[in-house]
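The analysis underlying the following values was restricted to heavy atoms, covering all of them including side chains, and did not include hydrogens, waters or symmetry mates.
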Amino acid sequence: MTVKKNKETNKPKGSKSLKGVPRDLVNDMRYGRSLSLEFFRHNAWILMVFVVAIIALMGLRYKTKTKMEEIKQLNVELQRAESSKLQEKSAYMSLIREAEMKKLVDEKGLGLQFQEFPPYELILDDK
């Protein structure tokens with residue numbers, strides 16, 4: 001077995017350049033020969049798995065973002081519903097208190113009535 005050597009450098013052909021990368025690989029990449037049709041034929045299943053995985057991750061990210069937006073909207077709606085619930089509860093409790101008080105006044109025969117308007121303040125002028 002004989003090794004062909006370059007005349008100028010006395011090194012075997014295809015030896016590594018100064019940067020540690022084989023010259024043939026650099027030339028192949030330079031002229032676009034590194035990714036040939038044969039490369040894609042031999043590695044088609046790996047490429048397909050890679051592409052499907054990337055698409056699945058993109059879909060998962062989109063789905064996650066849309067669900068997060070939906071969660072934010074539902075949280076806002078929940079806060080509004082809780083606020084509305086508290087308002088309705090306070091209105092209901094005031095009606096119950098008023099009804100109970102009317103019932104007690106009628107039972108005791110006191111003849112009292114609830115005022116529809118707040119009491120007036122009378123201001124006397126000292127002239």
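- A search for side chain to side chain contact (heavy atoms under 4.5 Å, CB included) contacts involving D106 returns nothing, not counting sequence neighbours.
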Hey, can you pull the donor-acceptor pairs under 3.5 Å for the side chains in residues 77-84, sequence neighbours left out?
none

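- Other members of the cluster containing L104 do not exist, because no ILVMFWY side chain is joined to it at under 4.5 Å.
- Cluster partners of V52, using a side-chain heavy-atom cutoff of under 4.5 Å among ILVMFWY residues and allowing indirect links: none.
- E38 meets the salt bridge (charged side-chain N to carboxylate O under 4.0 Å, His left out) test with R41; sequence neighbours excluded.
- Hydrophobic side-chain contacts under 4.5 Å tie W45 into a cluster, directly or through other members, with I46.
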Identify every side-chain donor-acceptor pair in residues 54-65 under 3.5 Å, counting partners at least two apart or on other chains, and give the distances.
from, atom 1, to, atom 2, distance (Å)
T64, OG1, L60, O, 2.7

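- To the nearest 0.5 angstrom, S94 atom OG is 7.0 Å from R97 atom CZ.
- Clustering of Ile, Leu, Val, Met, Phe, Trp and Tyr side chains at separations under 4.5 Å places L112 together with V105, L110.
- Contacts classified as salt bridge (Lys or Arg N to Asp or Glu O under 4.0 Å) and involving residues 87-96 (residues at least two apart or in different chains) are not found.
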